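Worth saying up front: this structure is predicted, and the values here are computed from it rather than measured.
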Amino acid sequence: MVRRHWIWLVCLLLCLMMPTYSHVKSQDTYTINSPEVKDIASHLAMEGHSEHDLATCTTMQRYYEEIADMLNEGFDKQDILADYEAMYGEQGFREPNKTGFSLLAWTLPFIALGAGTTAFVIRVMRQVKGHRVVDKDKEGQEEDKSQNSTEDDIMKALIEEEKRHYL
Amino acid sequence: MHVMGNITIYLAFILSIYAFIVYIIGIRKQDQRFIDSGKGATMSIFILASMSLMLMFALLGTSQFQFEYVAHYTSSDLPLIYKLAALWAGNAGSLLLWTFFLAMYSAMVTFSKKMKRNPMTPYITSILLLNIMFFYFILCFVTQPFALLETVPVEGRGLNPMLQDPGMVFHPVTLYLGYVGLAVPFAFAIASLILKNMDAFWIQMTRRWTIIAWAFLTLGNVIGGYWAYTELGWGGYWAWDPVENASFMPWLTVTAYLHSVMIQERKNMLKIWNLSLIILSYALTLFGTFLVRSGVLTSVHAFGETNLGAYFLVFMAFMVLFSMYLLMSRYHLIKRDTGQFEAYVSKESSFLINNLILLGGTFAIFWGTVFPLVSEAVRGTKVTVGVPFFNTVMSPILLSLLFIMAVCPLIAWQRASFKNIKDNFLVPAFISLAVAIVIVVMGIREAYPVLGFTLITFMIVTHLVEFIRGTRARRQVTKEIVPVALFRLMIRSRRRYGGYIVHLGIALIAFGIVGANFDVERMETLAIGDSMTIGDYTLTYHQLGQRNEGVNESVFASLGIDKNGRDLGYIYPERVFYLNWEEPSTEVAVRSTLREDLYVVLSGWEEDKRATFQVKINPLVQWIWLGSFVLILGTVFAIWGGRYGQIYPRYTGPKRRVY
């Protein structure tokens with residue numbers, strides 16, 4: 001019985017100590033120098049101060065301290081970003097959202113690149129098919145020639161040089 | 001001075017209209033007298049533009065505060081070099097410089113020895129004159145550099161301290177030389193379209209012009225980056241700012257153009273593509289000017305909100321529509337005799353892929369830059385599109401570009417066989433793989449840096465292989481010793497090997513960019529005698545002092561540097577307080593090595609001399625500047641004339657009586 005009481009007492013003490021311990025520990029964990037703080041801050045527009053110099057911009061420093069405090073209170077990155085979004089909306093960030101209309105900002109460059117690549121592939125395929133009618137002997141000759149383009153260029157340059165020198 | 005200054009501008013405006021008209025009459029009537037008169041007027045415009053510039057320099061240098069521009073951007077205590085550099089600190093002055101460069105390039109083209117008896121000259125000059133007319137219109141009626149103030153102030157407002165940096169003396173000048181330089185190949189392209197001359201003549205004639213413009217654009221961007229790194233104090237060299245983007249976009253499209261013209265010259269392919277690229281590049285220079293001067297986007301570089309942007313937008317629209325109309329109307333002619341792709345894998349196709357990636361990158365930057373405006377127009381929400389967006393979108397694009405740059409030089413023209421690919425890429429691929437393994441073992445696990453370093457190695461090795469193969473092939477024929485064979489190989493093929501040196505420069509820049517991602521940062525408040533540790537460094541705060549720098553005052557701190565127990569001396573970050581400026585400027589203290597930069601900013605201080613420092617370790621940043629130097633070296637090597645650069649292409653287009 002006495003043993004069970006001891007166990008309960010220790011558990012109770014641990015439970016009581018845990019918030020205090022985690023609080024004390026986390027207080028020491030995050031400062032404005034923490035990479036986690038920097039990472040979260042890199043997403044925020046900070047009222048237009050995000051491109052400023054942290055060393056001299058007080059607004060920026062205030063944001064860094066705020067983020068460090070929130071991390072110390074136990075919030076994680078997603079919670080903090082969600083908190084800022086609730087406060088400022090999409091305008092509070094240095095990047096557009098990845099949903100709705102703003103998704104277009106992220107996807108359009110790759111859509112354009114994909115469309116360009118597709119157009120290029122189709123064009124090359126068409127033109128190459130046209131050239132496939134060339135007989136195989138000729139193809140073989142060209143292949144051999146193409147393998148040594150550097151050497152060919154050097155030979156041509158040397159011949160040109162000789163021509164200039166003697167003619 | 002006021003009258004003289006205005007006369008030079010108004011007269012040049014009138015002369016530009018006159019020259020344009022007589023050129024058109026001369027072309028239509030095929031009468032050389034009109035053309036000669038136009039040429040004379042073009043030279044006069046250049047002389048007048050030079051006079052305007054000299055006058056402006058004189059006014060700035062002698063602090064003539066009755067002039068609005070001088071009073072607005074200078075003060076009597078400013079060092080002479082910055083008084084003169086204030087010419088490009090504001091709208092009117094920078095546009096005056098721009099116009100001067102335009103007039104200079106126009107005169108150079110018109111009176112060039114190469115252009116003698118070339119029927120394209122009147123057309124080219126007319127296009128350039130159209131640009132000059134527009135810029136003089138702006139200088140006459142929108143923003144006047146020689147405007148007087150009603151009351152003469154005792155002292156000027158001074159120059160923004162951020163602009164009082166050697167970087168700012170060169171950055172705008174080089175950038176403008178690049179921007180304006182692109183008007184020359186554009187004018188050649190349009191002239192060839194008007195003349196229905198569809199061969200590669202205009203491309204060969206403008207090769208050097210384009211490379212020079214590209215080199216200046218590169219220098220402008222690099223010097224701008226260096227200025228941002230040392231002067232702004234935010235520890236970075238690139239922030240994807242709208243104005244930085246504006247100068248990067250034409251750089252990308254001109255890079256694409258410089259590659260694709262090789263295909264037109266060699267294979268008579270991609271004619272429409274090349275014309276479109278040069279039109280696009282030119283349009284992007286105007287777009288950049290519109291961005292800087294319209295105030296539609298927020299930027300640390302912008303000139304503030306003016307109505308100038310609207311004029312540039314209208315002019316840009318006019319020039320683009322005019323060019324597109326010409327391009328479309330000549331489409332059937334351009335398509336005739338155009339070469340075709342013969343294989344899926346060839347140098348031609350790899351060049352085109354390189355072009356696609358470069359254009360994809362340009363589009364991504366353009367889209368990111370204008371998206372806040374699009375979002376505001378569509379949804380009424382002005383979102384910010386900053387560094388995280390550009391880094392995310394551009395990283396895969398730029399990595400693909402590195403890959404294609406590595407592959408391109410070793411792929412054969414027309415058709416590459418499997419054996420060709422295997423022979424050329426086996427060794428570089430193995431070396432790169434080994435580097436990748438070493439990087440991972442060293443503890444770098446993030447995908448992009450590992451991929452980045454691997455691709456950079458691959459690129460460097462493939463290029464070195466090209467040098468080795470070339471030297472070996474030459475030695476087999478000439479039996480020269482290795483250094484002689486290498487030297488002669490490069491000299492005889494300047495364009496090719498100059499290009500490879502440029503690629504190596506880009507590889508070094510990429511090395512610096514990837515490395516800079518591993519920066520560490522720390523901000524700490526120290527009392528005198530206290531130390532802080534960052535990475536391998538221990539900084540000890542020794543002293544907070546004050547000194548006079550001319551009329552300005554500076555507060556500096558001295559910190560002792562210790563690296564792994566080794567004394568490395570002192571570093572002195574400071575803040576300068578200007579007499580005419582509310583905000584002090586940050587003077588960063590940087591201790592640079594090829595491995596890393598120790599970057600210290602004096603953030604603030606208390607009465608008891610406790611001071612706050614922001615300290616960063618930026619790895620490999622010096623490679624960016626070193627790579628830029630190599631890049632410029634390669635460019636100069638590629639365009640340096642020598643014995644082999646003196647052969648000019650011959651005009652084979654339609655016959656004309658006027659030149």
Side-chain angles (χ1 to χ4, degrees), chain A residues 31-33 35 38 42-43 45 48 50-56 61 64 89-97 100-102 104-106 108-110 112-113 116-117 120-121 123-128 130-131 134 139 142-151 153-155 157-158 160-161 164, chain B residues 232-234 239 241 298 300 340-344 347 349 352-353 356-357 359-360 363-364 367-368 371 375 378-379 381-389 392-393 397 412-417 419-420 466 469-470 473-474 477-478 489 492-493 496 521-524 586 601-604 612 614:
Chain A
T31 67
I32 61 166
N33 293 318
K38 196 181 162 192
S42 73
H43 293 277
S50 57
E51 307 299 341
H52 289 187
D53 168 16
L54 174 67
T56 50
Q61 286 167 13
Y64 269 68
E90 197 178 358
Q91 283 159 293
F93 293 88
R94 291 172 86 187
E95 60 204 343
N97 281 345
F101 179 79
S102 294
L104 215 56
W106 295 93
L108 204 60
F110 294 105
L113 204 54
T117 312
F120 162 74
V121 169
R123 189 181 165 185
V124 173
M125 275 172 78
R126 266 192 205 155
Q127 295 191 359
V128 170
H131 271 277
V134 179
E139 200 173 276
E142 280 177 4
E143 191 175 294
D144 290 335
K145 224 194 310 178
S146 66
Q147 281 171 19
N148 299 309
S149 66
T150 309
E151 286 82 350
D153 289 342
I154 290 161
M155 282 304 292
L158 283 169
E160 278 298 310
E161 195 181 324
R164 271 197 210 110
Chain B
L232 288 187
W234 38 255
D241 177 270
T298 319
V300 286
Q340 307 262 300
F341 284 101
E342 291 176 28
Y344 298 113
K347 204 181 273 286
S349 57
L352 202 55
I353 294 172
L356 270 175
I357 297 171
L359 278 204
F363 178 73
W367 181 236
F371 190 75
S375 173
V378 175
R379 298 186 301 164
T381 313
K382 193 169 182 171
V383 295
T384 308
V385 181
V387 179
F389 170 85
T392 311
V393 173
I397 293 177
W413 287 98
Q414 278 178 315
R415 186 168 308 173
S417 64
K419 187 178 175 302
N420 163 247
E466 251 316 72
R469 282 176 67 203
R474 193 181 161 90
V477 182
T478 60
L489 170 83
R492 261 59 165 185
S493 204
R496 183 191 194 126
E521 189 176 1
R522 195 163 182 82
M523 201 165 162
E524 227 167 274
T586 307
V601 185
L602 175 60
S603 175
T612 306
Q614 187 197 18

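- The backbone N or O of B:Thr392 sits nowhere less than 3.5 Å from a side-chain atom of A:Trp106 that would complete a donor-acceptor pair.
- Of the listed residues (B:Leu602, B:Thr612, B:Val387, B:Leu359), the one with the most heavy-atom contacts under 4.5 Å to chain A is B:Val387.
- Heavy-atom distances place the side chain of A:Arg123, and not its backbone, under 4.5 Å from chain B.
- Heavy-atom distances place both the backbone and the side chain of A:Leu108 under 4.5 Å from chain B.
- Heavy atoms of B:Arg379 lying under 4.5 Å from chain A belong exclusively to its side chain.
- If you measure heavy-atom distances from A:Tyr64 to chain B, you find no contacts under 4.5 Å at all.
- Across every non-hydrogen atom of A:Leu113 and B:Ile397, the tightest pair is CD2-CG1, 4.2 Å.
- Heavy-atom distances place both the backbone and the side chain of A:Ser102 under 4.5 Å from chain B.
- In plain terms, the two heavy atoms of B:Thr384 and A:Phe93 that are nearest each other are CB-O, 3.2 Å.
- Inter-residue side-chain proximity for A:Leu54 and B:Met523 is flagged as met; some heavy-atom pair is nearer than 4.5 Å.
- Minimum heavy-atom separation, A:Ser42 to B:Pro388: O-CG, 3.3 Å.
- Within the 4.5 angstrom heavy-atom criterion, atoms from both the backbone and the side chain of A:Ala105 approach chain B.
- For A:Phe101, the parts lying under 4.5 angstrom from a heavy atom of chain B are both the backbone and the side chain.
- Looking at A:Thr56, both its backbone and its side chain come within 4.5 Å of chain B, counting heavy atoms on both sides.
- Within the 4.5 angstrom heavy-atom criterion, atoms from both the backbone and the side chain of B:Ser375 approach chain A.
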